[in-house]
Undergrad: 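Before I ask anything, here is the structure I am working with.
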4 protein chains.
Amino acid sequence: MPSLAGTPAEAAPVPPKRERRKEARPGELLAAALELFVEKGFAATRSEEVAARAGVSKGTLFLYFPTKDELFKAVVRENVSGRFRELNQEFRQFEGSSADMLRTGLRLWWERVGATQASGISKLIMSEARNFPELADFCQHEVIQPCQELICWILQRGIDRGEFRPVDLRYAAANTIGAMVFLMMMKHSLAPCLPHDQRLDPQRFIAAHVDTLLQGLCVRPHGVNDAPAS
Amino acid sequence: MPSLAGTPAEAAPVPPKRERRKEARPGELLAAALELFVEKGFAATRSEEVAARAGVSKGTLFLYFPTKDELFKAVVRENVSGRFRELNQEFRQFEGSSADMLRTGLRLWWERVGATQASGISKLIMSEARNFPELADFCQHEVIQPCQELICWILQRGIDRGEFRPVDLRYAAANTIGAMVFLMMMKHSLAPCLPHDQRLDPQRFIAAHVDTLLQGLCVRPHGVNDAPAS
Amino acid sequence: MPSLAGTPAEAAPVPPKRERRKEARPGELLAAALELFVEKGFAATRSEEVAARAGVSKGTLFLYFPTKDELFKAVVRENVSGRFRELNQEFRQFEGSSADMLRTGLRLWWERVGATQASGISKLIMSEARNFPELADFCQHEVIQPCQELICWILQRGIDRGEFRPVDLRYAAANTIGAMVFLMMMKHSLAPCLPHDQRLDPQRFIAAHVDTLLQGLCVRPHGVNDAPAS
Amino acid sequence: MPSLAGTPAEAAPVPPKRERRKEARPGELLAAALELFVEKGFAATRSEEVAARAGVSKGTLFLYFPTKDELFKAVVRENVSGRFRELNQEFRQFEGSSADMLRTGLRLWWERVGATQASGISKLIMSEARNFPELADFCQHEVIQPCQELICWILQRGIDRGEFRPVDLRYAAANTIGAMVFLMMMKHSLAPCLPHDQRLDPQRFIAAHVDTLLQGLCVRPHGVNDAPAS
DNA sequence: AATGAATGAGGATTCATTCAT
DNA sequence: CATGAATGAATCCTCATTCAT
């Protein structure tokens, strides 16, 4: 069956069936945008890519977010707000040693935030804060401060209960927050470019961080040895 | 000694003319580019802005760097290479307790790197690594590893001399590196957007970090108290 | 009887249902379109706006008019066709002096056309004729010529009856048509942008025009004084 | 000389030699824009077309005018401002009968404005005034009012010298302005779409207008007969 | 070497039109 | 019939890069 046509593969350019999913779209677009913004940066991501990754066309994106800037802000808002308030609640109810609290807290936090896509938000904020000043403020109030307060609260609890020796709360908290932020940023920056054996293992990094921390913090240093080997 | 791919560094340019400007141009452009890339990100910085900040015209920029990408790579190379090798050398000659070594090292490092514009490079790398994969590799070899090795060397020295208790060297080093990276990133990201009283003070942050670290590390915990008050 | 090219007017649609709305739709859409096209121009008006002003959804508009272009042509057709043939009839039956005929005619015309929304059509035609060449032809036959003929007929009548002195009929008519067109355009262009006291009063403008005209036209110049004060 | 290549016409895509003509560009762009805006309307004209007609590339247009809107405003400003002040001066110095003044004035005006591309500006203003409200104001002050004043001044002069009978100055002036505006609009709207024999001849139109006007205006009606037969 | 006018590919956004509901 | 979510061609505008001066 000879044919003069070129590549016969071109059967029929399937029109990629339109789906009407008004409810689901914003979430899908935000997820796609988060991924891409984290991966390539805000400016280097094309609107069309976001749409494509969300499985819709260029035009649809602008149906839900009036501008790329607004999309960006929505991405940050979506992935930041609230997320920490619940963790906060949970912790205030925790019963047990403050050392366990710290250990469990960080482990939990990694599972719920660090290990998810949402962790990319920290890279995003660090990269874009100066281009979106309102964001810096928003994040300071919605993320940094709640976290800071939670950690300070735990440390204070430990001190009050005689478990921890007194320290400069703010900077002790900053130390831990810094470690977590670093971890998240690595995950979305250098790590994907490095061979597996050169990457940090988050769990071990956190464990090491907490161990060092508690070693220096705890009044009864042997308490550290109770820690479940990670 | 790995090098960022692209145009290989030309042989040392002959310096025939007296005109200072001509010699200084590349450096001025690199400095301007560093500032702007750190401030606004690579993609969001216009080539013309870089030229303007360096006090030359658009065309001149492209006389020295064939493309914006090459300019970027040059910025990274310029601010990264070598800078750590010398610190390394200095340290190997240090005499005194390993605790002092750590403390002094970080202080020195902050003065020589963290407090300078060059610290912005960390924000740049974190933000752009995935867009310039060769970069990640370059930095891993030129920065991360030397730092890692240096810190590991110090820790090992402490352990060998019975000053520190044995720890997982790699993750202990990562913890400190993470703290420093976090500090640099904050300086160029959130800090400029926050009121002064909400910013972290680098010196105190470093001091707190080292204190906590040494508290947990030192065999003779009271050794910490020998630390010169920051 | 020329007709604007495009979809030929369908045979009268069967009116089976009682639902007023369905029957009225096209008219409402045409009215909305006329308003908006006149206000903002054809290209600057969005289809959705037209639909919205007619109180229906975007999709419905395209149920009645296959394209924006067709909508435009329909708007012109609707507001132009016929409208002048009846005026014409009426006038041929007029009895009285030709001066009165002219005066009354222009007054009537203003009431029936100039003062209504339909007057906007002249702005539309002037603005869009070159983008819709078929339109110019249509209007030439449906509007300009009938008007021209009517005025010429009146003038000729006056001349024949010895009331008017002989003049170049075509250009005399054009003068009056021009005045009316100018009036309509002002109403829809500059007037809405000017404070009320700087706008022309249509009645006075027409009166002044007719007065000047008749003053120069009438054989018995005092005849002008018979004119009913407007 | 057989060849497997396709159409041999494709010799070398001549790179359309870049010319550096900073001084001339704005004027050329404004001229091109005027033509196109008049021809197709503001919204229906693509920026790129303007650039092409001016013989430059898309980008160059935006080198001289930051946005399409600004280009539009510049076109109006360029073609409106000043143009009437000089005519005004000339006229105040005129010596002779007021009837001649009117006749000569309109003839001159047609030569200097009506017959040039600038006449298109009236179509533009009429079409776009409501989209650019500031323009309406600008034109009212820069064009309408000066013209109105000039004509009023001439009429008043005629009345003062006993040549004209007293009339409502404002509306008499408006009548003449209207006629000229109509003429300009026709030239750029319907006329280009009509066969030559159906178009109005500007000179005759003006002559007819002035004749009718003066016939009604002049105290000595035979004065009209002095008018050179057009 | 330096300049900055000119270019045009690329990206954000709009909007006429389609079509699933 | 009516709706409005979805589409993508079309358009405005930007900016890295080129090149005449």
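Keep in mind that the numbers below use all heavy atoms, side chains included, and drop hydrogens, waters and symmetry copies.
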Undergrad: Using Watson-Crick or G-U wobble geometry with both distances under 3.5 Å, which nucleotide pairs with F:dA9?
TA: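 Base-paired to E:dT14.
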Undergrad: Do the side chains of D:Glu39 and D:Arg53 get close enough for a salt bridge, i.e. N-O under 4.0 angstrom?
TA: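 Looking at D:Arg53 together with D:Glu39, the answer is yes, because their closest N to O distance falls below 4.0 Å.
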Undergrad: As a test of understanding, state which of B:Phe72, B:Phe138, B:Phe37 forms a ring-ring contact (aromatic ring centres under 6.0 Å, His included) with B:Phe132.
TA: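 In the set B:Phe72, B:Phe138, B:Phe37, the residue that makes a ring-ring contact (aromatic ring centres under 6.0 Å, His included) with B:Phe132 is B:Phe72.
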Undergrad: A side-chain contact here means heavy atoms from C-beta on lying under 4.5 Å apart; do C:Gln117 and C:Glu35 qualify?
TA: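 SC-SC contact between C:Gln117 and C:Glu35 confirmed.
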Undergrad: Could you please name the partner base of E:dT21, counting Watson-Crick and G-U wobble pairs only when both distances are under 3.5 Å?
TA: F:dA2
Undergrad: Is the shortest heavy-atom distance from the side chain of A:Arg130 to the side chain of B:Cys193 under 4.5 Å?
TA: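 When only atoms from C-beta onward are counted, B:Cys193 and A:Arg130 do touch, with a gap below 4.5 Å.
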Undergrad: Measure CD/B:Glu28 against C1'/E:dA2 and give the value in whole Å, please.
TA: 14 Å
Undergrad: Nearest whole Å is fine: how far is E:dA9 C1' from D:Glu48 CD?
TA: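 That distance rounds to 11 Å.
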Undergrad: If you define the side chain from C-beta out and look only at heavy atoms, does anything of C:Phe65 sit under 4.5 Å from C:Leu29?
TA: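 Answer yes - side chains close enough.
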Undergrad: Between B:Lys40 (NZ) and F:dC15 (C1'), how many Å, whole number?
TA: 12 Å
Undergrad: From C-beta outward on D:Lys68, which listed nucleotide comes closest to its side chain: F:dT7, F:dT17, F:dC13?
TA: F:dC13
Undergrad: Could you state the CG-P distance from C:Leu36 to E:dC15, rounded to the nearest angstrom?
TA: 13 Å
Undergrad: State plainly whether the residues C:Lys40 and D:Glu128 are in salt-bridge range, i.e. N to O under 4.0 Å.
TA: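 No, this pair does not count.
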Undergrad: Can you measure B:Arg46 atom CZ to F:dT17 atom C1' for me and round it to whole angstrom units?
TA: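 So the CZ-C1' distance, B:Arg46 to F:dT17, works out to 14 Å.
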Undergrad: Between protein and nucleic acid, restricted to nucleotides 18-21 of chain E and to nitrogen or oxygen atoms under 3.5 Å apart, what atom pairs and distances do you find?
TA:
residue	atom	partner	partner atom	Å
E:dT18	O2	A:Arg18	NH1	2.2
E:dT18	O2	A:Arg18	NH2	3.3
E:dC19	O4'	A:Arg18	NH1	3.4

Undergrad: So, is A:Arg21 close to the F:dA6 phosphate, meaning a side-chain N or O under 4.0 Å from OP1 or OP2?
TA: no
Undergrad: Please work out if D:Tyr64 contacts a base, only the sugar-phosphate, or nothing of the nucleic acid, heavy-atom cut-off 4.0 Å.
TA: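 Sugar-phosphate contact only - D:Tyr64 comes under 4.0 Å of backbone atoms but never of a base.
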Undergrad: Using atom CG of D:Leu61 as one end and atom P of F:dT14 as the other, report the distance to the nearest whole Å.
TA: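 Taking atom P of F:dT14 as the reference, CG of D:Leu61 is at 11 Å.
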Undergrad: For C:Thr60, answer base if it contacts any base atom (sugar-phosphate contacts may also be present), sugar-phosphate if it contacts only those atoms, and nothing otherwise; contact means non-hydrogen atoms under 4.0 Å.
TA: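 If one applies the 4.0 Å heavy-atom cut-off, C:Thr60 turns out to touch a base.
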Undergrad: How close or far is atom C1' of E:dA16 from atom CZ of C:Phe37, stated in whole angstroms?
TA: 12 Å
Undergrad: Only pairs with both distances under 3.5 Å count, Watson-Crick or wobble alike; so what is the partner of E:dA9 in this structure?
TA: F:dT14
Undergrad: Can you find a side chain N or O atom of B:Ser47 that sits less than 4.0 Å from OP1 or OP2 on F:dC15?
TA: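 B:Ser47 to F:dC15 OP1/OP2: no side-chain N or O under 4.0 Å.
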Undergrad: Mapping C:Thr45 and A:Asp69 to their closest nucleotides on DNA chain E, which lands nearer the 5' end?
TA: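 The residue whose closest nucleotide sits nearer the 5' end is A:Asp69.
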Undergrad: Report yes if the side chains of A:Leu124 and A:Leu135 come closer than 4.5 Å at any heavy-atom pair, otherwise no.
TA: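 Heavy-atom side-chain distance check fails, nothing below 4.5 Å.
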Undergrad: For B:Glu49 and F:dC15, what is the distance between atoms CD and P respectively, to the nearest whole Å?
TA: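 Taking CD of B:Glu49 and P of F:dC15, I get 8 Å after rounding.
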Undergrad: Would you check if B:Ile121 and B:Val75 make a side-chain contact, meaning some heavy-atom pair closer than 4.5 Å?
TA: yes
Undergrad: On DNA chain E, check which nucleotide each of C:Ala44 and D:Ser57 is closest to and give me the residue with the more 5' one.
TA: D:Ser57
